[in-house]
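Okay, structure first, notes after.
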Amino acid sequence: MHHDAAPRLTAVGRALPRHHLDQEELIQALRGLWAEKHFNVERLEDLHRAVQVSGRYLALPLEAYASLDSFRKCNDAFVEVAQELGAEAIQQALARAGLRPRDVDHVFFVTVTGVATPSIDARLVNRLGLKPSVKRTPIFGLGCLAGAAGTARAADYLRAFPGEVALLLSVELCSLTLQRQDLSVANIIASGLFGDGAAALALTGGDRGAAGPRVLATRSVFYPDTERVMGWDVVDTGFKLVLSAGAPDVIREHLGGDVDAFLAEHHLTRRDVRHWVAHTGGPKILQAMETSLALPEGALARSWRSLRDIGNLSSASVLFVLGDLLESGEARPGDLGVMAAMGPGFCAELVLLRW
């Protein structure tokens with residue numbers, strides 16, 4: 001495909017719930033909960049401060065979480081709030097792209113924090129006035145990977161239909177998955193790291209002549225026999241986190257070589273890449289990416305800032321970082337960028353961009 005015909009990332013919309021708490025307020029709330037279970041609450045404070053998150057937005061007011069004592073109640077809240085935030089993110093993305101809801105030909109919806117049938121994207125068709133012929137692809141289970149993977153799959157679609165518009169919507173309400181009975185280190189870290197939010201990315205086919213960076217190529221990488229590195233165990237109370245301490249090791253061992261091989265196919269090296277759009281997995285994940293890719297200081301500054309300000313929003317995080325870069329105006333014509341995210345599998349998704 002000639003580069004001029006490549007799909008473009010035209011605009012990002014971002015939506016956060018209105019309920020914000022700083023990290024110390026959240027620590028105090030969880031302190032009371034876990035102290036009842038004789039948990040080492042000083043250890044809780046250490047783990048929460050180590051994730052370098054200053055505050056997070058929550059789907060519900062803090063006092064509402066006490067009544068979420070079943071998976072059904074948590075999921076009902078997900079379905080309600082996901083529609084509100086999803087609609088806001090889509091409307092913002094379309095407005096920035098100069099598009100109307102009826103211009104959208106295909107919606108890709110990604111999440112890993114709630115389930116719904118009809119899916120959230122279907123519930124938004126009437127609410128937003130999307131056309132009846134809109135195609136929909138809801139995707140569940142890619143976890144943090146899904147922001148980059150959804151971008152890649154939407155771009156794949158637009159290569160086949162270069163006159164069309166695709167929309168990627170990510171809604172992640174991580175606070176509704178908290179397992180209050182789970183005192184594992186993985187769950188304690190998750191309770192300090194993950195936040196709630198939604199992001200929508202408007203992509204346009206190459207024939208439409210829109211603005212934004214082109215998607216030159218994508219690459220999926222699956223690491224065999226790593227199923228227990230990250231994921232969910234589905235239990236009676238909902239989604240119980242699987243998070244291995246080995247995730248940063250997998251990234252340090254593989255990511256640099258995988259990125260090099262991907263870039264080499266396009267006669268490029270890491271030195272040619274000016275913008276790194278990285279998923280905000282947490283301090284150890286970002287440090288592993290910096291080490292594996294031998295990045296200069298500040299290369300992941302946007303990801304670190306997003307982590308500090310709003311925490312890890314799972315699949316929405318990399319889209320928040322992308323939106324920040326697009327709106328900054330920092331990228332110049334001809335600049336190259338790489339989107340990168342990792343998630344359950346364990347696997348990685350890479351997207352090569354040119355402005």
Side chain S306, main chain S303, donor-acceptor under 3.5 Å: no

Donor-acceptor contact below 3.5 Å, side chain R274 vs main chain D335: no

Shortest non-hydrogen contact between A166 and A154, atoms and distance: CB-CB, 4.3 Å

Presence of salt bridge, E84 and R18, under 4.0 angstrom: no

T113 side-chain N/O to C174 backbone N/O, donor-acceptor pair under 3.5 Å: no

L99 reachable from F109 in the ILVMFWY side-chain graph, under 4.5 Å edges: yes

R102 versus G129, closest heavy-atom pair with distance: CG-O, 3.4 Å

Within-4.5 Å side-chain heavy-atom neighbours: V273 and V259: no

pair V53-L26: side-chain heavy atoms closer than 4.5 Å: no

Nearest-0.5 Å distance that lies between atom CG in D103 and atom CZ in R208: 6.0 Å

Steps toward side chain to side chain contact (heavy atoms under 4.5 Å, CB included) verdict (W276, R270): CA-CA 10 Å; W276 295 92; R270 286 182 229 164; 4.3 Å; yes

K135 to Y157, cation-pi by 6.0 Å centre distance and 45° axis angle: no

Within one Ile-Leu-Val-Met-Phe-Trp-Tyr cluster: F320 and L9, side-chain cutoff 4.5 Å: no

L193 and L307: CA distance, side-chain angles, deciding distance, side chain to side chain contact (heavy atoms under 4.5 Å, CB included) verdict: CA-CA 8 Å; L193 179 62; L307 175 67; 3.7 Å; yes

Side-chain heavy atoms of F78 within contact of V115, under 4.5 Å: no

Closest contact, heavy atoms only, E349 versus L145: N-CD1, 3.3 Å

Residues, nucleotides or ligands: over 12 heavy atoms within 6.0 Å of R100 CZ: no

Stepwise side chain to side chain contact (heavy atoms under 4.5 Å, CB included) test for L168 and L319: CA-CA 10 Å; L168 169 64; L319 300 177; 3.9 Å; yes

Closest heavy-atom pair and its distance - A11, A93: CB-O, 3.5 Å

Side-chain touch D258/R219, heavy atoms, less than 4.5 angstrom: no

Hydrophobic cluster membership, L142 vs V321, 4.5 Å side-chain cutoff: yes

Sidechain-backbone polar pair: T226 side chain, F346 backbone, donor-acceptor under 3.5 Å: yes

Aromatic ring pairing H266/F262, orientation class (parallel under 30°, perpendicular over 60°, tilted between): perpendicular

Donor-acceptor contact present, side-chain R332 to main-chain G329, <3.5 Å: yes

Enclosure of E24 CD (heavy-atom neighbours >12, cutoff 6.0 Å): yes

Side-chain (E172) to main-chain (V112) donor-acceptor, under 3.5 angstrom: yes

Test item: R302 and S328 side chains (from C-beta on) under 4.5 Å apart, heavy atoms: yes

Positive for side-chain contact (heavy atoms from CB on, under 4.5 Å) with L313, one of L173, L16, V318, V171: L16

Distance-minimising heavy-atom pair for R159 and V215: NH2-O, 2.9 Å

Inter-residue atom distance T218.OG1 - L350.CG, 0.5 Å rounding: 9.0 Å

Ring-ring centroid check F71 F239, cutoff 6.0 Å: yes

Joint cluster assignment, L62 & L176, ILVMFWY side-chain distance < 4.5 Å: yes

Under 3.5 Å side-chain donor-acceptor pair for T10 and T204: yes

Pairing of K131 and D105 as salt bridge, 4.0 angstrom limit: yes

Basic-acidic side-chain contact under 4.0 Å: R305, D309: no

Test item: Q92 side-chain N/O and R14 main-chain N/O as donor-acceptor pair under 3.5 Å: yes

Side chain proximity check, Y57 to L85, heavy atoms < 4.5 angstrom: no

Audit row: V338, L263, side chain to side chain contact (heavy atoms under 4.5 Å, CB included) steps and yes/no: CA-CA 9 Å; V338 170; L263 293 174; 4.2 Å; yes

Check: E290 and L300 side chains under 4.5 Å, non-hydrogen atoms: yes

Co-membership, hydrophobic cluster, residues L30 and Y65, 4.5 Å side-chain: no

Salt bridge R153-D156, side-chain N to carboxylate O under 4.0 Å: yes

Modelled atom types, side-chain donor and acceptor of S175 and R56, under 3.5 Å: no

pair C144-S314: side-chain heavy atoms closer than 4.5 Å: yes

Check: A59 main-chain N/O paired with D196 side-chain donor or acceptor under 3.5 Å: yes

Main-chain N/O of V242 paired with R228 side-chain donor or acceptor, under 3.5 Å: no

Non-hydrogen atoms of L322 and V277 that approach each other most closely: N-CG1, 3.7 Å

Side-chain donor or acceptor of S292 paired with backbone N/O of I251 under 3.5 Å: yes

